[in-house]
Enquirer: 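Before anything else, here's the structure in question.
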Amino acid sequence: MSSGFIKTKDGVDIFYKDWGPKAAQPIVFHHGWPLSSDDWDTQMLFFLAEGYRVVAHDRRGHGRSSQADTGNDMDHYAADASAVAEHLDLRNAVHIGHSTGGGEVARYVAKFGQPQGRVAKMVLVSAVPPMMLKTASNPGGLPMSVFDGLRKALADNRAQFYLDLASGPFYGFNRPTEKLSQGVVDNWWRQGMMGGALAHYDGIEAFSETDQTADLQAITVPTLVLQGDDDQIVPYENAAVLQAKLLKNATLKIYKGYPHGMLTTHADVINPDLLAFVKS
């Protein structure tokens with residue numbers, strides 16, 4: 001099947017895509033909040049054209065997967081990703097995660113993929129680990145008021161909130177030097193509104209309060225860490241820079257002026273960099 005569903009142990013239907021030659025090396029994509037596997041269309045077509053097997057799934061509560069009212073946390077996200085990898089028997093895989101998907105990848109690789117010997121490499125793009133929330137042990141994080149603001153905006157008017165986020169800071173369209181793409185904004189909104197409000201609401205805690213220091217420290221596979229220094233969603237000094245320090249085998253690249261959604265706005269630069277790492 002080039003797409004389909006698997007059922008998790010707790011009864012959630014997870015939608016996945018599996019394109020390309022099944023004997024080729026798998027590149028597995030993990031999307032950000034509150035989107036779906038469709039956010040990887042550009043990368044999946046790019047790697048498919050390069051001869052790879054490309055796989056992506058919709059996180060529980062997102063896209064076409066079940067709008068689960070429980071398990072909207074990093075442990076279940078990682079277990080669901082593992083269920084897909086095991087169902088498709090993915091081996092020698094490169095797992096690429098964006099934003100919340102980067103947290104999902106880090107936990108998946110640390111807890112499942114690496115112990116099972118399924119993972120060759122990992123890529124974190126504008127990713128949330130080690131932790132976004134400011135605490136005594138994480139002084140560079142963001143205050144709880146930021147995430148409470150996201151929760152309020154979602155609960156008050158999710159549709160307008162998603163339009164504002166996509167047309168503003170997510171892609172850097174609020175910068176005077178950037179030209180807004182209405183198609184990109186509409187596609188972001190479309191993906192977001194496909195998912196469940198409750199899962200997205202709970203997901204804010206998952207991506208902001210999950211401490212993934214131990215996950216990063218446990219990972220030994222080669223890891224590429226990418227982020228833009230104009231990321232207005234996940235500040236890079238407390239994300240990519242710390243990730244590279246905590247990981248045992250990391251290569252760090254910071255892109256000057258690039259936004260959180262740089263995989264879309266600068267795919268012409270990022271995709272060849274991803275390919276070079278996969279081939280290296």
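Nothing fancy with the numbering, it's 1 onward along the sequence. No hydrogens, no waters, no symmetry mates; every other heavy atom, side chains included, goes into these values. It should be emphasised that the depicted structure is a prediction, and the values quoted were computed from it without experimental measurement.
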Enquirer: Which pairs with one or both residues in residues 88-143 pass ring-ring contact (aromatic ring centres under 6.0 Å, His included), sequence neighbours excluded?
Expert: H30-H95, H95-Y108, H98-H260
Enquirer: Kindly indicate whether a cation-pi arrangement holds for K121 with F277, taking the cut-offs as under 6.0 Å to the six-membered ring centre and within 45° of the axis.
Expert: yes
Enquirer: Give a yes or no on whether the ring-centroid distance for F207 and W33 is below 6.0 angstrom.
Expert: yes
Enquirer: Treating T42 as the side-chain partner and W40 as the backbone partner, does any N or O pair qualify as donor plus acceptor under 3.5 Å?
Expert: no
Enquirer: Relative to each other, are the rings of Y162 and W188 parallel, tilted or perpendicular (30° and 60° limits)?
Expert: perpendicular
Enquirer: Scan side-chain atoms only and decide if S37 and D58 contain a donor-acceptor pair under the 3.5 Å cut-off.
Expert: yes
Enquirer: Atom NZ of residue position K22 - does it have more than 12 heavy atoms of other residues, nucleotides or ligands inside 6.0 Å?
Expert: yes
Enquirer: Nearest 0.5 angstrom please: Q217 CD to K245 NZ, how far?
Expert: 13.5 Å
Enquirer: Tell me, please, which residues at least two apart from N174 pass side chain to side chain donor-acceptor pair (under 3.5 Å).
Expert: Q232
Enquirer: Between the main-chain N or O of G61 and the side-chain N or O of Q67, is there a donor-acceptor pair closer than 3.5 Å?
Expert: no
Enquirer: Which pairs, with at least one residue in residues 126-156 and sequence neighbours excluded, count as a ring-ring contact (aromatic ring centres under 6.0 Å, His included)?
Expert: none
Enquirer: Parallel, tilted or perpendicular: which one describes the rings of Y171 and F173, with boundaries at 30° and 60°?
Expert: tilted
Enquirer: Is the backbone N or O of M131 less than 3.5 Å from a side-chain atom of N138, with the two atoms forming a donor-acceptor pair by type?
Expert: yes
Enquirer: For a quick check under 3.5 Å, do Q212 and D215 share a side-chain donor-acceptor pair by atom type?
Expert: yes
